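One structure below.
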Amino acid sequence: MRNPRRLQQSRRFLAAALTLILLIVGLQSRIGPLPPLGPLLDPVHGVWGVARTAVPPKDATIEIPGLGGPVEVVVDSRGVPHVFATTETDAYRAQGYLVARDRLFQLDLQTRATAGRLTEWVGAVALPADRAMRALGLSEHADRDFAALDPLSPQALALRAYAEGVNAWIDRLRPRDLPLEYRLLDVRPGRWRPEHTFYLLQRMNWTLSFGQHTLNRQRVAAHVGTAAADVLLSTRSPIQEPVQPNGHGAPRFDFGPIPPPEPSDQVSPVPTAQVGGPLDVAFGSNNWAVAPGRTARGYAILAGDPHLELTLPSIWYEIHLVVPGTLNMYGATIPGAPGVVIGFNRDVAWSFTNTEADVMDYYRETVDDSVRPSATLLDEEWQPVTTRVEEYRDPRGQALATDTFFTARRGPLRRIADTWLSMRWTALEPSRTMRALHDGARAQTIDQWLTAMEQFDVPPQNLLVADRSGSIAIRSTGKFPLRPGNVGGRIMDGSTSRSDWTGFWPVGRMPGARDPAQGFLASANQQPRDPAIDSTYLGADWREPWRALRINQLLREQTGWTPEAMARLQTDPGSARADFFVPFFLAAARESPGAGNAELQDAARILSAWDRRYPRESQQAILFELAMDELAERVWDELDTEAGQRIYDPSSATLAELLADSLSVWWDDRHTPARETRDSILRQSLRAAFGIATERYGEPDAGGWRWDRVRTMRIHHLLRIPALSALAVPNAGGTATLSPMTARGTHGASWRMVVEMGPEVRAWTTYPGGQSANPASAFYDDRISQWSAGELEAVLLPLIPDGLTPDVVVAHFSMIRGR
Amino acid sequence: MSMRILLRIVLLGAAFALATVALGWIAVPIVGLLWGLIARDTQRPALTAGAAALAAWAILLAWTAVVARLWALLTRLAGVFEFPGVGILLVTLALAATLAGLGAVVGTSLSSMFRSSLAHSAPRL
């Protein structure tokens with residue numbers, strides 16, 4: 001007979017052991033979205049380590065393999081590292097280390113996103129994004145660009161040194177130091193390869209130059225006819241205030257009639273959803289420079305603010321690199337790229353805006369097999385098609401999906417609807433942009449800088465520069481294709497080489513200006529050159545010109561510019577768009593003063609009291625933006641499908657053009673038997689806007705109509721985790737102001753910089769985020785309130801490591817050669 | 001609480017802290033188990049282990065709060081997990097206590113079984 005006491009002991013042991021084992025297994029496993037809780041909550045090696053890494057040591061000696069000499073790093077009170085090295089490669093090695101220290105997850109995520117390997121971290125949810133990236137083969141092209149570099153070239157050496165710096169940080173990273181995001185996803189950092197820098201550039205190319213113009217035009221033409229499409233997506237902006245001054249000294253309104261919608265004369269439309277591309281949000285940027293004759297202290301001043309997606313951490317990282325006698329550059333770098341992208345050295349300052357040029361064409365190909373083509377026809381001969389099989393895996397390594405991608409002679413070949421289209425895009429061709437940025441940072445004069453930037457191939461940019469001699473210049477630069485027949489925006493016949501690009505614009509022909517008589521230069525993504533001067537096809541469907549109008553207006557009106565005034569200009573709340581449209585709304589409302597129009601008259605009263613600015617407390621901005629939405633909704637109903645889906649939204653500049661033609665058939669609402677005119681649609685829109693605003697926000701005077709309650713910036717964390725995001729950041733701006741804010745609120749001024757090019761260069765900067773990606777760090781989002789208030793901070797520019805006073809130094813690192 | 005028990009908790013707590021630093025959270029049930037094996041005859045060994053582990057982790061977290069930005073992190077984590085920050089701290093401490101206590105229970109059970117087995121098989125004189 002068994003001993004009952006022993007039996008009880010055994011049962012107790014088994015119960016306790018089983019419970020403990022189950023608990024340990026449970027703590028080691030992911031449960032739903034939760035990472036394994038055991039490792040996460042470990043007080044030493046777990047998530048609490050994030051709090052410790054948020055406070056860098058005040059003084060530290062760091063060993064970095066490959067360093068040629070000692071490097072001193074001083075981190076100032078804004079979290080900006082000042083790197084003092086004896087060689088350029090050491091400076092980049094230190095930069096890689098510092099950027100990895102502050103932004104490792106961002107580096108890793110961007111690389112994975114470009115390579116189309118996000119599913120390996122987050123599973124099937126990332127499959128569409130990964131498919132879009134792999135279809136384009138951006139990472140393959142980046143690998144190829146790096147492989148083509150001379151291994152002893154300064155760029156290759158810089159990339160290698162930078163990678164060594166990043167990996168030095170990764171190598172010394174203990175599990176307890178892992179950034180929060182790795183812990184939440186339960187993944188580990190990958191090694192950084194030199195070619196990953198090209199991945200980032202390719203991602204930027206995709207963001208800034210992956211155009212939808214051709215396919216949009218195709219769809220619009222199929223819907224309302226070619227003649228209308230050619231104006232709705234015109235190669236000329238109806239309001240001309242070009243990057244290259246056209247001598248008018250004022251905007252030129254080039255309005256003409258918009259051809260009426262006609263039955264389609266085109267082949268079936270191409271659904272954009274099958275093509276893929278960046279979200280249709282307001283990318284854009286501003287930059288301007290004022291010559292010494294128009295500034296208070298007699299020095300050239302340059303200002304720049306690129307508008308991109310705002311994220312936490314920010315797309316930019318601020319750094320100062322000094323190699324005595326060789327290099328002294330300061331500015332914003334993209335984490336993952338050595339050097340600075342936008343910034344200045346002791347002699348030259350520069351900033352970029354996107355040119356919006358059309359650098360992509362589609363070709364309708366004749367294939368040998370409609371399912372798995374192995375060749376395309378060109379000039380009666382079959383050209384081989386290469387095949388690439390891509391497999392997507394989940395975090396456990398299991399296959400999620402497999403795609404076969406085809407590449408034809410001109411580029412990626414895809415079947416869209418029933419058509420095989422190949423694509424040629426300058427971003428998929430060898431690029432010298434890295435070399436341009438490298439050489440530009442060493443320039444001492446505008447001439448040297450512009451020469452260096454001749455190598456800036458993609459993405460096309462309006463390159464603005466000012467130097468200490470007082471010169472200013474701008475040039476729209478990039479590989480601009482020369483097309484047969486000077487025609488773009490069409491799907492070309494791929495079966496003949498006569499459809500191919502005949503070359504690229506020579507530098508001398510690119511839009512630009514230097515030291516113009518007007519004493520300033522500005523760009524805001526508007527059409528670079530007035531087509532009345534040169535009508536060579538550069539692109540179409542240009543960004544709305546309102547920001548350009550506003551900048552030019554203010555720069556023309558005033559002289560005696562100071563850096564402080566320049567900084568204020570970057571957040572000027574005035575709107576040229578409102579200046580243009582409000583009088584039309586008011587005039588239309590005045591024509592209908594009768595009874596039954598109380599809402600319309602109330603709306604008109606509110607709008608007439610508006611100074612057309614967008615301060616945070618603005619009441620009228622709400623009404624105006626709603627009215628503009630209602631107006632576009634009513635006017636462009638001809639562009640709706642039968643299911644009510646809008647196939648394309650023409651720009652408000654096109655809408656402005658239409659205002660000049662009060663009886664155009666475009667004003668007619670197809671859904672009513674009556675024939676509407678411009679003014680009746682304007683009245684309807686204003687009345688409807690007032691009704692919507694009242695319904696949503698209460699009576700106008702009840703306090704609910706406040707711009708900053710209705711629209712704010714939404715700065716998402718890279719993983720879109722709300723608690724790590726800043727989702728209600730006020731901004732004194734609207735859809736077309738200089739600090740723009742669309743309804744999505746996700747894009748805006750990602751970096752603001754003002755530089756005065758005096759004997760001693762002075763500069764002021766900020767961006768909506770902070771230097772550190774660690775959410776526990778004081779530098780995580782410390783600049784957001786400053787950015788929101790439109791304030792810039794003076795940057796510190798020490799010439800030597802001891803050049804800063806102790807009160808502005810938060811950390812000092814001595815980097816020495818390690819194993 | 002007698003000085004003896006207090007001293008026991010302090011020493012055991014030090015062992016939990018050192019083991020956590022060296023091996024991580026997984027060391028807590030191991031130390032608890034070892035404690036259970038040797039402390040079968042003490043009063044409430046599981047409770048002692050739980051209290052010592054909780055104290056050890058509390059001290060480790062308190063140290064983090066002193067030298068680093070623990071509260072800033074806790075605020076963020078509370079948002080990420082949509083769970084009160086204090087609750088996250090309490091769950092962390094409860095985890096230490098549970099792992100250590102369960103480890104001690106397993107240890108004492110094992111020890112009892114072993115001794116019982118020895119007593120059963122020992123030759124009678």
Side-chain angles (χ1 to χ4, degrees), chain A residues 2-3 5-24 27-28 33-57 175-176 180-181 183-184 717 719 721-725 772 774-778 780-781, chain B residues 17 20-29 32-33 36 46 56-65 67-82 88-89 91-96 98-99 101-117 119-120:
Chain A
R2 301 189 69 176
N3 182 340
R5 191 167 167 225
R6 287 186 64 193
L7 196 63
Q8 191 186 0
Q9 282 172 345
S10 301
R11 280 184 184 155
R12 189 173 176 227
F13 168 74
L14 283 174
L18 194 64
T19 308
L20 184 58
I21 290 168
L22 284 175
L23 182 62
I24 290 172
L27 290 170
Q28 284 279 28
L34 287 177
L37 286 179
L40 186 81
L41 297 179
D42 184 317
V44 179
H45 309 275
V47 72
W48 312 106
V50 173
R52 287 187 290 271
T53 54
V55 184
R176 70 178 67 170
L180 177 63
E181 292 86 350
R183 297 172 186 279
L184 296 177
H717 177 260
L719 292 179
I721 299 171
L724 304 181
S725 309
S772 173
N774 185 331
S777 167
Y780 179 65
D781 55 7
Chain B
T20 304
V21 170
L23 300 171
W25 70 280
I26 200 69
V28 173
L33 190 146
W57 278 30
I59 288 167
L60 290 171
L61 287 175
W63 175 246
T64 304
V67 300
R69 296 173 56 85
L70 184 88
W71 303 116
L73 175 68
L74 206 55
T75 307
R76 297 285 187 186
L77 289 180
V80 171
F81 294 115
E82 296 177 356
I88 296 173
L89 275 182
V91 167
T92 303
L93 298 178
L95 187 67
T98 308
L99 286 168
L102 268 175
V105 171
V106 173
T108 51
S109 306
L110 203 59
S111 171
S112 299
M113 283 170 60
F114 185 65
R115 288 189 189 193
S116 177
S117 173
H120 192 69

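If you're wondering where the values come from, they're calculated on a predicted model, not measured in any experiment. In what follows, chains are A, B, ... by sequence order, proteins preceding strands, each numbered from 1.
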Open item on the list: Run B:Trp25 and A:Gln28 through side chain to side chain contact (heavy atoms under 4.5 Å, CB included) and show every step you take.
Closed with: CA-CA 10 Å; B:Trp25 70 280; A:Gln28 284 279 28; 3.6 Å; yes

Open item on the list: As a quick check of understanding, evaluate side chain to side chain contact (heavy atoms under 4.5 Å, CB included) for B:Trp63 and A:Val44, giving each step before the final call.
Closed with: CA-CA 10 Å; B:Trp63 175 246; A:Val44 179; over 6 Å; no

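In this structure, chain B has a heavy atom under 4.5 Å from the side chain of A:Ile721, while its backbone stays farther away. At a 4.5 Å heavy-atom cutoff, the contact between A:Pro39 and chain B is made by backbone and side-chain atoms alike. Residue A:Ala15 does not touch chain B at all, counting heavy-atom pairs closer than 4.5 Å. For B:Leu95, the part lying under 4.5 angstrom from a heavy atom of chain A is the side chain only. Contacts of B:Leu33 with chain A are absent, with no heavy-atom separation under 4.5 Å from either backbone or side chain. Contacts of B:Thr108 with chain A are made by side-chain atoms alone, with heavy-atom separations under 4.5 Å and no backbone atom involved. Within the 4.5 angstrom heavy-atom criterion, only side-chain atoms of A:Leu23, from C-beta onward, approach chain B. Of the two parts of A:Leu14, neither the backbone nor the side chain holds a non-hydrogen atom closer than 4.5 Å to a non-hydrogen atom of chain B. Residue contact with chain A, scored on non-hydrogen atoms closer than 4.5 Å, involves the side chain of B:Leu77 exclusively. With a threshold of 4.5 angstrom between heavy atoms, A:Thr53 does not approach chain B through any atom at all. For A:Pro56, no part sits under 4.5 Å from any heavy atom of chain B, backbone or side chain.
Minimum interatomic distance between A:Ala776 and B:Ala72 (heavy atoms only, all atoms of both residues): O-CB, 3.8 Å. Heavy atoms only, all atoms of each residue included: A:Val55 and B:Ala68 are closest at CG2-CA, 4.0 Å. The shortest heavy-atom contact between A:Ala723 and B:Gly79 is CB-C, 3.1 Å. Minimum interatomic distance between A:Ile24 and B:Pro29 (heavy atoms only, all atoms of both residues): CD1-CG, 4.0 Å.
Taking chain B as the reference chain and counting heavy-atom pairs below 4.5 Å, the highest number among A:Ser777, A:Gly46, A:Pro175, A:Pro33 is found for A:Ser777. Per-residue heavy-atom pair counts under 4.5 Å with chain A were compared for B:Val67, B:Val105, B:Thr20, and the maximum is reached by B:Thr20. If you tally non-hydrogen atom pairs under 4.5 Å between each of A:Leu724, A:Leu40, A:Leu37 and chain B, the highest count goes to A:Leu724.
Atom OG of B:Ser109 and atom CZ of A:Arg11 lie 13.5 Å apart (nearest 0.5 Å). In this structure, the separation between CD on A:Gln9 and CG on B:Leu110 is 10.5 Å, given to the nearest 0.5 Å.
Judged as a salt bridge (Lys or Arg N to Asp or Glu O under 4.0 Å), and not counting sequence neighbours, B:Arg69 has no contacts. Looking at residues two or more places apart in sequence or on another chain, you find a salt bridge (Lys or Arg N to Asp or Glu O under 4.0 Å) between A:Asp781 and B:Arg76.
In this structure the side chain of A:Leu41 reaches within 4.5 angstrom of the side chain of B:Ile88, judged on heavy atoms. Residues B:Leu60 and A:Trp48 have side chains not in contact (no heavy-atom distance under 4.5 Å, counting atoms from C-beta outward). Side-chain contact between A:Asp42 and B:Ile26 is absent, with no heavy-atom pair separated by less than 4.5 Å.
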